[in-house]
**Student:** 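Right, I'll just put the structure down here and ask away after.
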Amino acid sequence: MHARYTTSSLWIHSMRTLPSSSVLRGVRAPVIASIVWAFAMAALNAVTHFNVPCSRPHTLLSWALALLLVFRTNSSYNRFWE
């Protein structure tokens with residue numbers, strides 16, 4: 001099952017066809033938007049020196065997101081091995 005990507009020629013072929021990948025075309029716009037947003041927020045912070053008063057909501061949301069990802073990964077592994 002995993003043997004088809006072990007040779008170097010197939011790996012090189014995968015790297016050559018990476019720019020025309022449908023997955024990369026699908027995520028290109030959101031990634032570019034996130035990068036632009038991050039640069040804009042960094043520039044705004046550099047100009048105004050705005051400090052976030054409380055980071056607790058972000059901390060709580062990150063734990064919830066981590067648990068969600070763990071459970072989804074576990075269920076997808078279970079489906080894979082069935």
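Note that this is a predicted model, so its numbers are computed, not measured.
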**Student:** What pairs of donor and acceptor atoms, side-chain ones from residues 25-47 against any protein atom, are under 3.5 angstrom apart with sequence neighbours left out?
**Tutor:**
residue: R25; atom: NE; partner: S21; partner atom: O; Å: 3.4
residue: R25; atom: NH2; partner: S20; partner atom: O; Å: 3.0
residue: S34; atom: OG; partner: P30; partner atom: O; Å: 3.0
residue: N45; atom: OD1; partner: F50; partner atom: N; Å: 3.4

**Student:** Given the rule that I, L, V, M, F, W and Y join up when any side-chain heavy atoms are under 4.5 Å apart, are L60 and L67 in one cluster?
**Tutor:**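 Unlinked, L60 and L67 end up in two clusters.
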**Student:** Under 4.5 Å between side-chain heavy atoms, hopping through other hydrophobics if needed: is there a path connecting M15 to L24?
**Tutor:**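 In one cluster: yes.
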**Student:** What's the spacing between T73 OG1 and L68 CG if we round to 0.5 Å?
**Tutor:**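 T73 OG1 to L68 CG: 9.0 Å, rounded to 0.5 Å.
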